[in-house]
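Below, chains carry the letters A, B, ... as their sequence lines are ordered, and counting in each starts from 1.
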There are 2 protein chains.
Amino acid sequence: MIDENLLEQFGAGIIFIKKGDVLFEEGDTAKYFYQIKSGEVKMNNYNDEGKEFIQSIFAVGSCFGEPPLFIDKPYPANGVAILDSEIYAIAKEAFFKLLFVHPEAHLSMTVNLAQRLYFKSVMASEISSQEPEHRILKLIDYFKETVSKLKPADRYKVELTRQQIADLTGLRVETVIRSIKALEKKGFLTIEDRKVYR
Amino acid sequence: MIDENLLEQFGAGIIFIKKGDVLFEEGDTAKYFYQIKSGEVKMNNYNDEGKEFIQSIFAVGSCFGEPPLFIDKPYPANGVAILDSEIYAIAKEAFFKLLFVHPEAHLSMTVNLAQRLYFKSVMASEISSQEPEHRILKLIDYFKETVSKLKPADRYKVELTRQQIADLTGLRVETVIRSIKALEKKGFLTIEDRKVYR
DNA sequence: TTACTGTTATGATTTGGGTCATAAAGTGCT
DNA sequence: AGCACTTTATGACCCAAATCATAACAGTAA
């Protein structure tokens, strides 16, 4: 989201983390701004019974975990690498200085937050009040449109596992599997070689 | 969120709406920045079966409905007055100019978005993976802490109706009523004269 | 007072998604 | 090739929350 040269210019370091490594945990104090140079990161929670909920998945170029920097609250979720990754990290103070000196970077941050708030709004309404099939379709369309930047007419291969879809929608794997089958039967998507296309 | 003098200085108008009046609808193009001078506003969705989901409730001093301004997308939900209200409205262009000329206002906008994203994260995880009683308690604590700015030790009177709690948590009124009773029995809150205290 | 509306309340019944069990297909590693 | 692990898949059963029905109470407008 923020120009990489700018990040380096303001003293960004690079953190190397392997798949499964934890960058920060729920409750930790936020001290750095993070942006993905390569790899992929998720933010998640576990409920009392140990069930995972994935807040979001962040890909190359995305920044994440800034809200706590702005509002001086601890992280509301864990940050975990889902692929081996390189992460730009820049200290809170340097980050604020960067925003102050570069209003255009500040604006792109704001736009980014607005974008994520928008996604959360859509998913919140889905999760709370729609049937599994509806939820899953909405999530897939969101990833197709926003993450992969494809048009509705394009053919999109869903790279999420059934388990990830479950954790993103608050459903169970079995329910996701069954719903996806039902959606295929209804013609909303196709399954080829166990992969979902939409 | 933004200083009222500043709003007026940049040509803000005031809109008078009565309880129940709709300010904008899901799908509308966002053209104005809104901030509450008096009254209260909610943003909501209706699912296919007509069940309401309340995204948030905004009180005096809060702004709302900005994300679509920043990302050029239509409103993801309706904006409806829940009390007779006076709303500052300022055109999109003037709003951006204001942010550009007043970086401190821009920062407070960013902080505000971060705050809301934080709330959405917490509630998303709650809604998707916790039991009714847990969800309700979290919501009440959020309102106590963030909307009413009270300390945990303070006594807080919940001004939300059971129906509103249901629509905010994605539950049904009956479930909310029964859960609140159960929570009282367990000593997590008290009910006096049908009002909930925490 | 009555009539009306919104909110809280409670019991009976139903059902959709969770849970549990089990297995097959695919993937990666030695 | 063999082994361990992950992902997808399916059937059977269960249960918590939704649904349906009904009513009492509070507030307020006529």
Hydrophobic cluster membership, B:L171 vs B:F188, 4.5 Å side-chain cutoff: yes
Who pairs with [X] by side chain to side chain donor-acceptor pair (under 3.5 Å), at least two apart in sequence or on another chain?
{"X": "B:R178", "value": "none"}
{"X": "B:E25", "value": "none"}
{"X": "B:S38", "value": "B:E86"}
{"X": "A:K186", "value": "A:E133"}

Close side-chain approach of B:Y88 and B:Y32, heavy atoms under 4.5 Å: no
Beyond-backbone contact of B:N47 with A:H134, side-chain heavy atoms, under 4.5 angstrom: no
Pairs satisfying ring pair (Phe, Tyr, Trp, His ring centres under 6.0 Å), at least one member in residues 98-119 of chain B, at least two apart: A:H106-B:H106, B:F10-B:H102, B:F119-B:Y142
Nucleotide N/O of nucleotides 22-30 of chain D paired with protein N/O under 3.5 Å:
none

Single hit among A:L117, A:L113, A:N112, A:L107 for side-chain contact (heavy atoms from CB on, under 4.5 Å) with B:F70: A:L107
Nearest whole angstrom, please: distance from the [atom2] of [N] to the [atom1] of [X].
{"X": "A:L160", "N": "D:dT7", "atom1": "CG", "atom2": "C1'", "result": "14 Å"}
{"X": "B:R172", "N": "D:dA16", "atom1": "CZ", "atom2": "C1'", "result": "14 Å"}
{"X": "A:D167", "N": "D:dT6", "atom1": "CG", "atom2": "C1'", "result": "14 Å"}
{"X": "A:E192", "N": "D:dT8", "atom1": "CD", "atom2": "P", "result": "16 Å"}

B:Y75: ring-ring contact (aromatic ring centres under 6.0 Å, His included) partners, not counting sequence neighbours: B:F24
Stretch residues 173-183 of chain A: residues that reach within less than 4.0 Å of DNA chain C through a heavy atom: A:E174, A:T175, A:R178
For chain A, the stretch of DNA chain C it reaches, first to last nucleotide, under 4.0 Å of its heavy atoms: C:dG17 to C:dG26
B:K195 atom NZ: more than 12 heavy-atom contacts under 6.0 Å: yes
Closest-nucleotide 5' rank along DNA chain C - winner of B:R162 and A:P132: B:R162
Sequence neighbours excluded - salt bridge (Lys or Arg N to Asp or Glu O under 4.0 Å) pairs with any residue from residues 64-79 of chain A: A:E66-A:R116, A:D72-A:K92, A:K73-B:E145
Relative orientation of the end axes in the helix from C:dT1-D:dA30 to C:dT30-D:dA1, expressed as an angle to the nearest 10° (five pairs per end): 50°
Pairs flagged by side-chain hydrogen bond (donor to acceptor under 3.5 Å, both in side chains) wherever residues 165-174 of chain B is involved - sequence neighbours left out: B:Q163-B:D167
